[in-house]
2 protein chains.
Amino acid sequence: MANKQASLDLVFAALSDATRRAIVMRLCREPASVSELSKPFAMAMPTLLQHVRVLETSGLIQTEKIGRVRTCSLRAEVMAATEQWLALQRTVWAQRLDRMESYVYELQATEMKHVKRKRKGKQ
Amino acid sequence: MANKQASLDLVFAALSDATRRAIVMRLCREPASVSELSKPFAMAMPTLLQHVRVLETSGLIQTEKIGRVRTCSLRAEVMAATEQWLALQRTVWAQRLDRMESYVYELQATEMKHVKRKRKGKQ
DNA sequence: GAGTTAGTTAGTCGTATGGCTAACAAACAA
DNA sequence: TTGTTTGTTAGCCATACGACTAACTAACTC
């Protein structure tokens, strides 16, 4: 539990950019320096650094500068927490489906009666 | 599988706003009209409608207008797909940890030798 | 000490975002 | 038919975002 707070606002905003998601994917493999991260992108260094800053203030990554090299690494807890938010919504959704299901069941039961009545009436 | 494509860019951007997340949470329970959605917020209707549009173009929700009422409902598949992206990253991360673990194991083994040597030397 | 590498800061630019008001349209209610 | 409700469009505004260049610092290398 590091000190940095990670609001969902900042985390989702950080993940809304393809470049930043690519950085996250890269850092899932292993930590990397800023210039290593910049290699795959046709992008000026300051621009990439800005992305790194966004990821850092979101809490998704942390960085440490040793000598002239800044090494970036993922903070998996924040990734996990974000995933959990989505999972929680799914839970609520699932509960709703359960309710729906029982409702449909009720409905079918009622309709059966109707059908029976109709049939009785018709025949 | 509905026709609407949902890019991660748009989905994460949509989820980066607290108002829109609240709407999503609300719609997890059950579908709702635009004015129902607007009730909890101190926000002009056009502003809220804009949020609804953002959610819709992201694919997270779908809407249907009947009479003068537009009913909004969640598209759970898109939520699930987003969650899966995060889960995938976690997988990569986990694999990395496995590699790390074996590396640390190797390291420890090597250090043991060192320690042994050192002890031999020292004593 | 001079050059190279790695990162950083400052400043610019165009576009996107999130909020607002005012005014309009269409559907329903009396 | 006259209101009321429910959305919708248009236009405004301030701020934030993502990109760039230019110039600078600090740390290694020779």
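Here is how names work: the chains are called A, B, and so on, in the same order as the sequence lines, proteins then strands, and each is numbered from 1.
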Student: With distance as the sole test, does T82(A) use its side chain to make a donor-acceptor pair with the main-chain N or O of V78(A) at under 3.5 Å?
Tutor: yes
Student: So, T63(A) and E56(A): side-chain donor and acceptor under 3.5 Å apart, yes or no?
Tutor: yes
Student: Assuming nearest nucleotide by heavy-atom distance, tell me which of M45(B) and A13(A) is located more 5' along DNA chain D.
Tutor: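 Looking at DNA chain D, the more 5' nearest nucleotide goes with M45(B).
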Student: With a 4.0 Å limit, can you tell me whether H51(B) has a side-chain N or O closer than that to the phosphate oxygens OP1/OP2 of dG19(C)?
Tutor: yes
Student: dG7(C), dG18(D), dT8(C): which one has an atom nearest the side-chain heavy atoms of Q50(A)?
Tutor: dG18(D)
Student: Counting only side-chain heavy atoms from C-beta out, which of dG7(C), dG18(C), dA19(D) sits nearest to D17(B)?
Tutor: dG18(C)
Student: Quick check: does any side chain N or O of E83(B) sit under 3.5 Å from a backbone N or O of A80(B), one acting as donor and the other as acceptor?
Tutor: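 Such a contact is absent between E83(B) side chain and A80(B) backbone.
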Student: Does dG7(D) have OP1 or OP2 sitting under 4.0 Å from an N or O in the side chain of S35(B)?
Tutor: yes
Student: So, OP1 or OP2 of dG18(D): does either fall under 4.0 Å of a side-chain N or O from T47(A)?
Tutor: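 Checking dG18(D) against T47(A), no side-chain N or O comes under 4.0 Å of OP1 or OP2.
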Student: Counting side-chain heavy atoms from CB outward, which of dT9(C), dT5(D), dA6(C) is closest to R68(B)?
Tutor: dT5(D)
Student: Mapping T19(A) and R70(B) onto DNA chain D by nearest heavy atom, which one lands closer to the 5' end?
Tutor: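 Of the two residues, R70(B) wins.
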Student: In whole angstroms, how far is the C1' atom of dA6(C) from the CG atom of L37(A)?
Tutor: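 Rounded to whole Å, this separation is 13 Å.
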Student: Among dT9(C), dC20(C), dG7(C), which nucleotide sits nearest the side chain of R53(A)?
Tutor: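 Among the listed nucleotides, the one closest to the side chain of R53(A) is dT9(C).
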Student: For the pair made of CZ in R20(A) and P in dA19(D), what is the distance, rounded to whole Å?
Tutor: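 So the CZ-P distance, R20(A) to dA19(D), works out to 8 Å.
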Student: Rounded to whole angstrom units, what separation is found between the CG atom of D9(B) and the C1' atom of dT17(C)?
Tutor: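 Going from D9(B) (CG) to dT17(C) (C1'), I get 15 Å.
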Student: Is a side-chain donor or acceptor of Q89(B) paired with a backbone partner of W85(B) at a separation under 3.5 angstrom?
Tutor: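 Yes.
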Student: K65(B) has a side chain; which of dG18(D), dG7(D), dA22(C) sits nearest to it?
Tutor: dG7(D)
Student: Would you be so kind as to tabulate the donor-acceptor pairs closer than 3.5 Å made by side chains of residues 10-24 of chain A, with sequence neighbours excluded?
Tutor:
unit_1	atom_1	unit_2	atom_2	d
S16(A)	OG	A13(A)	O	2.7
D17(A)	OD1	T19(A)	N	2.8
D17(A)	OD1	T19(A)	OG1	3.4
D17(A)	OD1	R20(A)	N	3.2
R20(A)	NE	A14(A)	O	2.8
R20(A)	NH1	H51(A)	ND1	3.1
R20(A)	NH2	A13(A)	O	3.2
R21(A)	NH1	L15(A)	O	2.8
R21(A)	NH1	D9(B)	OD1	3.3
R21(A)	NH2	D9(B)	OD1	2.7

Student: Quick check for you: among dG7(C), dT21(D), dT9(D), whose closest atom lies nearest to any side-chain atom of L49(B)?
Tutor: dT9(D)
Student: Of the nucleotides dG7(C), dA10(C), dG19(C), which one has an atom closest to the side chain of P46(A)?
Tutor: dA10(C)
